[in-house]
Amino acid sequence: MKHSMNQQTRRGRGPARRIGRTLAFVLPVVLVLSGTLAVTRVNWSGNSTDPVLTAADTSVGTPRAAKRAPQDILRDRLLTELQEEDPGVALTHLQQAVNGRPSLAKHCASIARALGHAAVRVYGPTRAQSYARPVCDTAFATGVAAAHS
């Protein structure tokens with residue numbers, strides 16, 4: 001009787017043991033292959049315009065890049081648009097960004113004021129005021145007025 005009991009116990013562990021052994025073999029292979037594929041996707045030369053991360057990309061590991069808040073990135077992008085195009089385009093994109101990402105709404109007024117200040121520097125107070133619209137209430141116009149006074 002004891003012999004038959006040991007066989008049943010061993011049979012009960014059989015499928016679980018086979019699955020465990022299979023995983024023990026397959027999992028490291030999968031990890032090695034995925035790591036190899038990840039390494040091959042990195043552009044090690046650093047001379048590509050491809051959006052794939054380059055190995056020489058220094059902005060990724062720096063603490064400064066990690067500290068940049070979304071509202072700061074948006075403000076900088078909109079200030080560039082204001083200089084390259086006009087304040088109307090920047091204000092439109094600000095409104096779209098706030099509509100698309102409601103968490104930016106609390107920063108909308110400060111970004112619009114910054115755009116107003118920049119518009120006065122680039123276009124002068126009269127022309128800058130002509131671009132005012134009710135994005136983030138009247139924050140853009142407030143920025144223009146503050147920069148002018």
Side-chain angles (χ1 to χ4, degrees), residues 9 11-149:
T9 307
R11 274 189 232 153
R13 290 186 292 184
R17 183 172 285 175
R18 274 189 298 246
I19 291 171
R21 285 182 181 168
T22 303
L23 283 175
F25 175 74
V26 171
L27 193 57
V29 171
V30 169
L31 291 173
V32 167
L33 287 176
S34 65
T36 303
L37 292 173
V39 168
T40 59
R41 288 285 295 160
V42 173
N43 175 10
W44 293 98
S45 70
N47 296 328
S48 176
T49 59
D50 193 28
V52 174
L53 178 67
T54 61
D57 192 356
T58 57
S59 66
V60 172
T62 60
R64 187 174 197 167
K67 290 181 183 178
R68 293 211 24 137
Q71 66 270 13
D72 296 335
I73 294 168
L74 176 63
R75 184 190 61 241
D76 293 347
R77 190 187 76 203
L78 293 174
L79 287 170
T80 301
E81 282 184 5
L82 182 138
Q83 292 175 352
E84 292 175 355
E85 296 183 39
D86 64 58
V89 172
L91 287 171
T92 299
H93 289 153
L94 173 60
Q95 188 65 54
Q96 290 171 346
V98 170
N99 290 344
R101 194 169 179 186
S103 63
L104 291 171
K106 61 185 171 190
H107 305 285
C108 186
S110 66
I111 294 171
R113 276 193 300 277
L115 290 173
H117 285 277
V120 170
R121 284 193 306 271
V122 175
Y123 297 99
T126 306
R127 187 163 176 217
Q129 188 62 43
S130 71
Y131 289 102
R133 59 173 88 151
V135 175
C136 308
D137 295 326
T138 58
F140 179 81
T142 304
V144 170
H148 181 39
S149 22

Considering non-hydrogen atoms only, spot the tightest contact between [X] and [Y] and give its length.
{"X": "F140", "Y": "A119", "result": "CZ-CB, 3.8 Å"}
{"X": "L79", "Y": "A114", "result": "CD2-O, 3.8 Å"}
{"X": "I111", "Y": "Q71", "result": "CD1-O, 3.8 Å"}
{"X": "A109", "Y": "A139", "result": "O-CB, 3.4 Å"}
{"X": "L104", "Y": "A97", "result": "CD1-O, 4.0 Å"}
{"X": "Q129", "Y": "A141", "result": "NE2-CB, 3.6 Å"}

Nearest-0.5 Å distance that lies between atom [atom1] in [X] and atom [atom2] in [Y]:
{"X": "H117", "Y": "T142", "atom1": "NE2", "atom2": "OG1", "result": "9.0 Å"}
{"X": "I19", "Y": "R21", "atom1": "CD1", "atom2": "CZ", "result": "12.5 Å"}
{"X": "T80", "Y": "R75", "atom1": "OG1", "atom2": "CZ", "result": "11.0 Å"}
{"X": "R127", "Y": "D86", "atom1": "CZ", "atom2": "CG", "result": "7.5 Å"}

Compare all side-chain heavy atoms of [X] with those of [Y] and state whether any distance is below 4.5 angstrom.
{"X": "L78", "Y": "E81", "result": "yes"}
{"X": "R68", "Y": "D76", "result": "yes"}
{"X": "V144", "Y": "Y131", "result": "no"}
{"X": "L115", "Y": "P87", "result": "no"}

Could you tell me whether R133 atom CZ has more than 12 heavy atoms of other residues or ligands within 6.0 Å of it?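 Yes - once you tally the heavy atoms of other residues, nucleotides and ligands closer than 6.0 Å, there are more than 12.
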